[in-house]
Amino acid sequence: MSNYKPQVVEHLVRPYNVGEIGSPSGIGESGEATCGDVARFTVRISKAYVEDARYKVYGCAASIAAGSALSKMVRGRSLIEAAKVSKLDIENALGGPLPVGKEHALVLVLDALHKAFEDYWNKEAGARLVEGYRGYEVSGE
Amino acid sequence: MSNYKPQVVEHLVRPYNVGEIGSPSGIGESGEATCGDVARFTVRISKAYVEDARYKVYGCAASIAAGSALSKMVRGRSLIEAAKVSKLDIENALGGPLPVGKEHALVLVLDALHKAFEDYWNKEAGARLVEGYRGYEVSGE
Amino acid sequence: MPNDYVYLDHAATTPLDERVLDVMLPHLSRVASGNPSSLHTPGAVAREAIEEARESVARLVGAWPDEIVFTSGGTESDNMAVLGLASVDPRKKHLVVSAIEHPAVRGTVEHLEAKGYEVTRIGVDMDGFISPGCFADALRQDTALAAVLWASNEVGTLQPIEQLAEICCEKGVPLHADAVQVAGRTSMDVSRVPISTLALSAHKLYGPQGVGALYVRRGIKLRPAFFGGGQEKGLRSGTENVAGIAGFGVAARCAFDELEERVAHEETLRNTLIRGTLEMPCIHLNGHRKRRLSNNVHLSVEGVEAESLVLFLDALGYAVGSGSACASNSANHKASPVLLAMGRPEKEALSAVRVTVGKDTTQVQIRGFLEAFSVAIAQLRELSPLYASKS
Amino acid sequence: MPNDYVYLDHAATTPLDERVLDVMLPHLSRVASGNPSSLHTPGAVAREAIEEARESVARLVGAWPDEIVFTSGGTESDNMAVLGLASVDPRKKHLVVSAIEHPAVRGTVEHLEAKGYEVTRIGVDMDGFISPGCFADALRQDTALAAVLWASNEVGTLQPIEQLAEICCEKGVPLHADAVQVAGRTSMDVSRVPISTLALSAHKLYGPQGVGALYVRRGIKLRPAFFGGGQEKGLRSGTENVAGIAGFGVAARCAFDELEERVAHEETLRNTLIRGTLEMPCIHLNGHRKRRLSNNVHLSVEGVEAESLVLFLDALGYAVGSGSACASNSANHKASPVLLAMGRPEKEALSAVRVTVGKDTTQVQIRGFLEAFSVAIAQLRELSPLYASKS
Ligand SMILES: Cc1ncc(COP(=O)(O)O)c(C=O)c1O
Ligand SMILES: Cc1ncc(COP(=O)(O)O)c(C=O)c1O
């Protein structure tokens, strides 16, 4: 089980919220297939809450586990709370820091989720909400 | 016990004929203290027979064992037989060939014995006997 | 690890044979062996153990015992051979190697390259073979040595070493062969095949880790690997690892005695594995189907990244390798240069796993593995944004 | 070997501690450790064992774990340090060493000398000490490194290493210390003493043969010893000897925990030995009476050649060393260069034996040894044409 914490392996073997939502509120992708890792998040947003978040990852165990943990943390939360989930929050959910060299997994899945949110804002809520949201100075990264 | 045969160790720990004969018929020495090994043979010759042969060695186990074995082989033999004892004979008495690099031990003790014989011939038997002996073309080496 | 954990990564390292341990234990006890350089009995006991092992290792490859130098492993043997052969004639500044060498040779050659040597790297075809023709053409008057990985630790391809050795012999170029993977998996006879040096490693044939050997043909004078007490005829100073060397000896003897049955057994399992995995969708076998190591199955699994597959299988109770074990623990997963040299796209190279059976692997284990494998790849592909788009 | 055979050659190698074997065995079993580079569980188990051992070895010398590189033994460590430090700054072509280095350092330095380095060898006094003054004077602007044998493997003399390290530090010259004999026999703390590199060997402190370590101070960048898979942070490629390294770890931990009692125990036995042998006629102690290794007694025995004495004592059931173990198996007995450097005549140097006790040696064994010793030298002197002339 490598230098990974058991929680990572648990998420790898029994991941949460795998898949894609049909006609989602937002889609976000990050990473590049040729350099290893790709993540995709689809979200369904309703009344500023994350009703559903599903993900797919091609990549190392850390990326898969991070996607799983992240999806679990954001489901049912308000958009604002969801956007606040940090790298540290994911690491904590995974039992502690990832092995050296694996931190990119956190960026990968957060990127994909944030893009999905932005996609939603762009499509559904229009420029005003984005402005409003930005006003909170939330930084997901 | 190094690569030595058990016979060598046996001769080392319980050597035969150690010592020096008082007023010997002949004395022979070989080797050099600074480079490691020195052997000394004293012999008592009577009626062309080796009545007694005693040796001393400063040196490695092979030299000590070779001296012991050689002294045992020549005692009670005729001078001519004694002078014929070869390196191979000593090795056989020691259970087989000495380890590589230890063959000098055979030369060392044979040298000392032969010098003791020569010393005897020089002192006691005079030039005629030496000539006679040489006539037999005995070569101890 | 659960008791029924199944080890299928014999190319990375092999479990220690019990017979090997039995011979090692007396040397690991409190009344143990001395230093083989010592004159007394414990020293002599140690020395004898080493010389006995030297004979067994020599027999395995068809050498004289005095042609075997014990080292700390395959890596040291490879380093010693390449650096040693390169410095025999300082006027020769050209090296010929295959493009798919093990890092132990590749890295040493790169080191020499940085010091001014010119290097010709012979490419391989899509099965991983180097062409004897290209090889012959590359050898020059000033070629100090050629080095060839006899059997690839990754894709398992067996090079036509006899033919390459003949070519080297004709051109007067010394040949170093890395036989770490192939030893004990093919009959070897350096008395017939004109190889100059040959690297071996104990832990790849059920011996202990940290012990290896270099065969050095009589008449070839290498420079010492270490300076010191003058052990191993001055070529490799340092107090000998007596227990380890004795263990290597038994391992070599068993490998020699059981060669045919081991190969037959491994090939059966290997073929079951190849058939079973190739029935699954979108899986490719790397390396030649037949001319490969008896125990090696190397697969590219579309839509699945190697590390996550290895860890998934581990969680299901199966150990397999991802690409080359040597590189797989590095922080950033890099595509195997061997697969790239075989013309595979980078993505496929990142999706490669290596399943290597051993003499004690069973058919039941293989059947269990095939099931676990199909579960793992199905689930990981469900997760994969790259594969999903296909189905 | 009979059951009551007594081993008094701990400077050559030590018997394996049972606690060490206990920790090694799981890694030597059939369900054993994998390759530490592998991702799966067997690989992780192996990796953890190595990192745990690294911490223990680091603690023994007062280092950070990341300053410890595992090697195949003291000889490799010495070679790696000297070659590595020498190549840090290619403009510096001067080396300073003591005249009584172990062959692993001496030989490596001679190799560099042959390649064009200038070497200053610091002589020693009749007790085997180098003078800090001479040492300081020898260090130059272009000195690439200094190397000092902290405790002599032959005569046991302990150099004033802290003082020498301070001098090096002031002059900005990296210092390599060979601590193979002294580790576990004196408290060491590289965090206080500015040594750059430090060589260790497991089999000298009740660990397995074929495992060593090099301490490399943070900030010092050595060139790799081997090229390959990049293990040990790229400094020492090659699959790790997991069982051996794990064993080294326990050995280091026990040495650290039991340091004081071991030293006290050994010193008592050593002093009994010194007193007992010096009561016999025409025997001289080599090295300083007090500032010597806790376990070392080194004697010149007039009129007796070392090899025959060692073998005689062996036949009586006692293992001792003749001069340096490393050289004692060579075909021609050569006088120890260390004794010659201490100003002893060649003949005396050929008459030297080394008796080294260990943590498990008993007073009863020492008493038995003293009796055997006096029998052996009496009989060999009776045999000796050189000694007889005296009595
Ligand atoms: C082909 C090949 N050569 C060399 C080596 C290095 O051997 P070792 O692990 O004993 O250093 C290995 C294994 O790692 C190998 O597979
Ligand atoms: C002082 C000293 N340095 C280096 C070494 C070499 O260590 P190893 O035997 O592990 O190669 C030894 C022992 O032989 C030694 O006593």
Side-chain angles (χ1 to χ4, degrees), chain B residues 1-22 24 27-42 54-68 71 97-105 108-109 111-112 115-116, chain D residues 1-2 5 9 12 282 301-323 325 327-336 339-340 344-353 372 375-391:
Chain B
M1 27 115 262
S2 175
N3 335 28
Y4 288 128
K5 299 278 185 319
Q7 286 92 329
V8 173
V9 178
E10 186 56 35
H11 276 284
L12 168 68
V13 180
R14 276 173 284 275
Y16 293 89
N17 310 312
V18 171
E20 276 180 55
I21 296 166
I27 299 188
E29 273 196 17
S30 63
E32 240 186 293
T34 49
C35 28
D37 293 346
V38 190
R40 179 189 300 153
F41 260 92
T42 49
R54 304 207 160 252
Y55 84 107
K56 287 202 164 195
V57 161
Y58 168 89
C60 64
S63 307
I64 292 173
S68 169
S71 72
L98 289 173
V100 178
K102 290 296 180 187
E103 305 86 351
H104 69 277
L108 180 84
V109 294
D111 251 15
K115 282 184 183 154
Chain D
M1 264 182 296
Y5 189 89
D9 196 11
C282 301
V301 185
E302 272 187 41
V304 173
E305 190 265 355
E307 194 227 52
S308 54
L309 178 54
V310 169
L311 290 172
F312 203 117
L313 287 168
D314 182 57
L316 299 183
Y318 295 90
V320 304
S322 79
S328 56
N329 192 32
S330 63
N332 307 305
H333 41 189
K334 285 209 204 97
S336 147
L339 289 180
L340 299 181
R344 295 312 170 83
E346 183 141 358
K347 206 180 81 190
E348 217 176 275
L350 286 173
S351 299
V353 290
V375 168
I377 63 172
Q379 192 169 321
L380 288 170
R381 279 172 173 174
E382 208 188 302
L383 246 160
S384 171
L386 304 179
Y387 193 78
S389 55
K390 284 200 173 195
S391 62

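Throughout, protein chains are lettered first and strands after them, A, B, ... in sequence-line order, and every chain is numbered starting at 1.
Proximity to chain D (any heavy atom under 4.5 Å) is restricted, for B:Val18, to the side chain, taken from C-beta onward. Proximity to chain D (any heavy atom under 4.5 Å) is restricted, for B:Ile64, to the side chain, taken from C-beta onward. Residue D:Val304 touches chain B through its backbone alone, counting heavy-atom pairs closer than 4.5 Å.
Applying the side chain to side chain donor-acceptor pair (under 3.5 Å) criterion to D:Gln379, with sequence neighbours excluded, gives no partner residue. Here B:Ser71 pairs with B:Asn17 under the side chain to side chain donor-acceptor pair (under 3.5 Å) rule; sequence neighbours left out.
Contact tally against chain D (heavy-atom pairs below 4.5 Å) for B:Ala61, B:Ala39, B:Gly19: the top residue is B:Ala61.
In terms of modelled atom types and a separation under 3.5 Å, the side chain of B:Lys56 and the main chain of D:Glu382 share a donor-acceptor contact.
Comment: B:Glu20 does not engage B:Arg54 in a salt bridge, judged by the lack of any side-chain N to carboxylate O separation of less than 4.0 angstrom.
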